[in-house]
Amino acid sequence: MSDRIYRVDMSNLSFEIEDVPEAWQGLGGRGLTSTIVAEEVNPECHPLGPRNKLVFAPGMLSGTGATDSGRCSCGAKSPLTGGIKESNAGGTSAAILARLGVKALIIEGLPEDDSTFYHLHVTRENVEITRVPELVGKNNFEVLDIMAEKVGNKAAVMTIGRAGEMKMLVANISVRDPNGKLRSHGRGGLGAVMGAKKVKCITVEAGPDDEVSISDPGKLKAANKKFMHAILAHPVAGEGLKAFGTAILVNILSEAGGLPTRNFRSGECDFAEQISGERMARLITEREGDTAHGCHRGCVIRCSQTYNDEDGKYVTSGFEYETIWSLGAHMGISDLDMIARIDNVMDDLGVDSIETGITLGLAVDAGILDYGDGEAALRIIQDDLANGTPLGRIIGGGVGNLGRLYGLVRVPVVKNQGITAYEPRAVKGQGITFATNPMGADHTAGYAVATNILGVGGHLDPLGKEGQIELSRNLQISTAAIDSTGMCIFVAFPILDDPECMPALIDMINARFGIELDFSNVMELGKRILRTEREFNLRAGLNSAHDRLPEFMTYETLPPHDVVWDFTPEEIDGFWDF
Amino acid sequence: MRKAGYFTITIRLFAQYREGRFADREREVPDGAVVGDVIKSLEIDEDRLAVGIILLNGRHGKMDSALEEGDVLSLFPRIGGG
Ligand code: SF4
């Protein structure tokens, strides 16, 4: 059964199922969401108005059984950046959408009656749209419970919490994972777009006979075997991430002087060990949690975990480096248990833990709370953010807005999105990615940390400028392509090191669609996606002047290496020469 | 008191390298020692878990980087995240 486009119009609560236009046929994931947004959304529209569209697309390989292929992309014009946005997440949605033959789910328009919220239930050839006044004001975990009763716990669930209902810029879209916990389309305020459309939750249900159509199943299986082998043989993807999670980065970044500390005042954090992956792994083991969890079925890297408290009771899962960094080194909380508690509250409320954490760190500069005061941070989230008090709205408006409201100069954003966990002055390749990526400061979009710090894919001096623009460009191009396959970005570690890995991935795509792509076609695809996104941004009013890091980084010296951001505007603009 | 012909450095170990060893320790090493000598003395099994990242005073170093009194040497197996 061939793939189709499911289109929901909230203005008249109807849906249509359309054939896939020829130009969209070879696309999936980010390639497809960005193409659809660029084609159908007026770049000048208000992101929360009737002309924006929210697009979900499973990756090209999602649902096929290919290892690590279960990431779903979500795209729209971002209310946070004012530019195009794609944010991908694990969970069960990608595989189930793909099995139903939903190439993309497009949600457009705003309902006339905006007095309540709606639930969309997607099944084969059908979308049921129902009013759900009983869900209004409920947070994510409760919505998951209610949906498990209503549609069973095999269905995928995508939901917004109260932050999304209030259309806050930090609002995310949460996705149920195979363990009934949450993963999220975190960045860029996509939860606010869903909230504006009055969609509280989306469930997707496939039947036992719903299977992805694969042109050459034997070839896919054989290529998958090679691909999986390459992942498992890699020390990072096959072993390190399972054992320590992504928080393993805390110590190395601090040792290398690239861990932004106290709102980007130093690259070294004196309590790094307290919030490190090594310590987290030890606590998890002692408390009988689990260090190795997959955020979707079919993940063999399993960087996720379940983190328990001292009494062995569950606190949070998917406890990531960026969140730990933002509340830890950046905001000053050295107690991992407190960070875990806040993480769980943020998940429930449906806010991007990265943007919210960076905003809370900046709130220290604003005089709203003290450096390291975890209780105060928890109170602000539980009392203010959750209830939409004026202070809650200010924090829920993200890093850039808080900086403007309090007259701050040292505001770590690019295109109004918070800079994460890697100090651009001391990890310069990553700085180029933050500056130039069309999504705003996005650490996953071209992970130059790999080559600057971790020695994956070779080594480039993180403190020097040489080769960084080319490195970031190559990584951003290949990431745009990988983000279209449904693969988790962590497959990039073996891809960068093992020459067998990328051909196996390309073979799987060819086997799925019965096509003959080669490496250069895939890179062309990556380039096309980046150009499409950049073009949208230019038309939305985001130009090279926005491809810049915060000015203070160009004149304020960062210890311990005493470095500044020293790329000229012309050098940065050269990024787009491809 | 410092032994003649030796000097002191700080060694920091991370991830799996801590198992059965230590996290942070001062050590005396003989004059002329390079990074590779320290790695050898730690009995790191390069076949099982090769050294991925060497940081010498916060900057990337090599096996043959020379050591000096007061140096901080941080050793990591291959690690990653994002
Ligand atoms: S490696 Fe981590 S983020 Fe990637 S798919 Fe697996 S659990 Fe999810």
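Everything quoted here is computed from the prediction, not taken from an experiment. Here is how names work: the chains are called A, B, and so on, in the same order as the sequence lines, proteins then strands, and each is numbered from 1.
Heavy atoms of B/Asn57 lying under 4.5 Å from chain A belong exclusively to its backbone. For a residue to count as touching a neighbouring chain, one of its non-hydrogen atoms must lie under 4.5 Å from one of that chain's; by this rule A/Ile453 touches chain B with backbone and side chain alike. Of the atoms belonging to A/Val456, heavy atoms from both backbone and side chain fall under 4.5 Å from chain B. Contacts between B/Phe14 and chain A at a heavy-atom distance below 4.5 Å involve backbone atoms as well as side-chain atoms.
Annotation: B/Glu46, atom CD; neighbour count of heavy atoms from other residues, nucleotides and ligands within 6.0 Å is above 12. A/His229 NE2: 12 or fewer foreign heavy atoms inside a 6.0 Å radius.
Under the 4.0 Å criterion applied to side-chain N and carboxylate O atoms, A/Glu273 and B/Arg18 are assigned as salt-bridge partners.
The residue among B/Gly52, B/Gly82, B/Pro77 with the most heavy atom pairs within less than 4.5 Å of chain A is B/Gly82. Ranking A/Glu320, A/Glu268, A/Glu322 against chain B, the residue ahead of the rest is A/Glu322, based on heavy-atom pairs under 4.5 Å.
Among all heavy-atom pairs drawn from A/Asn452 and B/His60, the shortest one is O-CE1, 3.3 Å.
Rounded to the nearest 0.5 Å, atoms CD (A/Glu278) and CD1 (B/Ile79) are 7.0 Å apart.
Put simply, the side chain of B/Arg59 reaches to within 4.5 Å of the side chain of A/His561, judged on heavy atoms. Counting heavy atoms from C-beta on, the side chains of A/Leu454 and B/Ile53 come closer than 4.5 Å.
The salt bridge (charged side-chain N to carboxylate O under 4.0 Å, His left out) test applied to A/Lys465 returns A/Glu571, not counting sequence neighbours.
Applying a 4.5 Å heavy-atom cutoff, the residues of residues 247-257 of chain A that approach chain B are A/Ile248, A/Leu249, A/Asn251, A/Ile252, A/Glu255, A/Ala256.
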